[in-house]
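Structure record follows, encoded as structure tokens.
Below, read A as the first sequence line, B as the second, and so on, with proteins coming before strands; counting in each chain starts at 1.
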Number of protein chains: 2
Amino acid sequence: MFSKSCEYAIKAMIFVAQKSKENLRVGIKEIAKGTDAPEHFMAKIMQDLSRRKLLHSAKGPNGGFYMDNTDLKNSIADIVKAVDGGSFYKDCVLGLKVCSEKNPCPVHFEYKAIKKNLISMIENNTLADFNEKLETGKFFLKNK
Amino acid sequence: MFSKSCEYAIKAMIFVAQKSKENLRVGIKEIAKGTDAPEHFMAKIMQDLSRRKLLHSAKGPNGGFYMDNTDLKNSIADIVKAVDGGSFYKDCVLGLKVCSEKNPCPVHFEYKAIKKNLISMIENNTLADFNEKLETGKFFLKNK
DNA sequence: ATAATAAAAGAGTTTTTTATCTTTTATTTT
DNA sequence: AAAATAAAAGATAAAAAACTCTTTTATTAT
Ligand code: SF4
Ligand code: SF4
């Protein structure tokens, strides 16, 4: 579904989002630990997300990654697009080269409906939404 | 979603299924051409599917891969299981290590419904169904 | 029997993805 | 200004996935 990088990215973004709510900045080490991901690999991913303006970063003491209210409005879809490019949207089950509404494969209409749900799932869930849900105590995010 | 091998496998199985309806056996070369896949790679995949009893094969002149009526009852899910193992069923969006109904991530219930649809899609479509659909002329399978 | 055919098997290569290590640069506190 | 901190960048390395090539074995038609 998503690449490993993308999975790490999503988890890290949620992690940073939670800390940002408390006005905290988090360093790579903390992010890596909190998401159970390899530190240096995570560093790459975070740098990339930062370059693509999905969050902010500050060097030096008390530096680290953080989000402002605009950043918190990013959806899972925004992260996916930044990390995996358009593949999630473009790619299809059977990986056919030639197909369309008028040239549909046998599962096209069935799959189309499912995909629509998948897309709205990642587009309608923002980091702020995640924060809210996690705060209710009814949802969790555990990595080990 | 599926590995490349699995995509090839699905296409190849549909291809062989269609030929088998006409009581024809098909060699690897023909399968590779018909599915626009690399020949030797496809050979590996077909051998594997054959070993796992998803279709039959015969060596020698007039040999090739073919399916009997039992083979045609295999679903896409059977192919996916044979090639990708249980990963399609096991793996989940966020790739969390610890989660459950009582420990759900923020998209759990949304995703659960989608996944259910995905699973019934691959389980309820057999190769025979595909043959029928393709015969109506309303559906297509094009690779280039 | 022999030659032709085609799958089966095994070894090897390339490419992509994932992960690690090292150095550099920017910032801030003292 | 100096020391400390932490991100940024670059260069490798390891692992997995995708793909290729070569040899072997089984079958069948002649
Ligand atoms: S489901 Fe639709 S878009 Fe996807 S491969 Fe089939 S025809 Fe193409
Ligand atoms: S909580 Fe549910 S949706 Fe989330 S990762 Fe686990 S199984 Fe998947």
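Rounding to whole angstrom units, CG of residue A:D48 and C1' of D:dA7 are separated by 14 Å. Rounded to an integer number of Å, the gap from B:I45 CD1 to C:dA8 P is 14 Å. We find that NZ of B:K44 is positioned 12 Å from C1' of D:dT23, with the value rounded to whole Å. Nucleotide C:dA8 holds its P atom 14 Å from the CE atom of B:M42, rounded to whole Å. With rounding to whole Å, A:I28 atom CD1 is found 13 Å from D:dT5 atom C1'. As rounded to whole Å, 11 Å separates atom C1' of D:dA17 from atom CG of B:D84. Rounded to an integer number of Å, the gap from A:F2 CZ to C:dT17 C1' is 17 Å. Following rounding to the nearest Å, B:Q47 (CD) and D:dC21 (C1') show an atom-to-atom distance of 13 Å.
Stacking of B:K102 on the aromatic ring of A:F140 is not recorded, the 6.0 Å distance cut-off and the 45° axial limit not both being met.
Considering B:L127, B:N131, B:T126 in turn, B:T126 is the only one that fulfils the side chain to side chain contact (heavy atoms under 4.5 Å, CB included) rule with B:D129.
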Taking N or O atoms only and anything under 3.5 Å, show me the protein contacts with nucleotides 24-28 of chain D, one pair per line.
from   : atom 1 : to    : atom 2 : distance (Å)
D:dA26 : O4'    : B:K59 : NZ     : 3.1

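With distances taken from any side-chain atom of A:F41 to the nucleotides D:dT20, D:dA18, C:dA19, the minimum falls on C:dA19. Considering only the side chain of A:S3, C:dT18 comes nearest among C:dT18, C:dA9, D:dA7. Taking every side-chain heavy atom of B:H40 into account, D:dT20 is the closest of D:dT20, D:dA7, C:dA7.
No contact: A:K29 has no heavy atom under 4.0 Å from any strand.
The phosphate of D:dA7 (OP1 or OP2) has no side-chain N or O of A:S50 nearer than 4.0 angstrom. Contact annotation: B:Y8 reaches the phosphate of D:dC19 (side-chain N/O to OP1 or OP2, under 4.0 Å).
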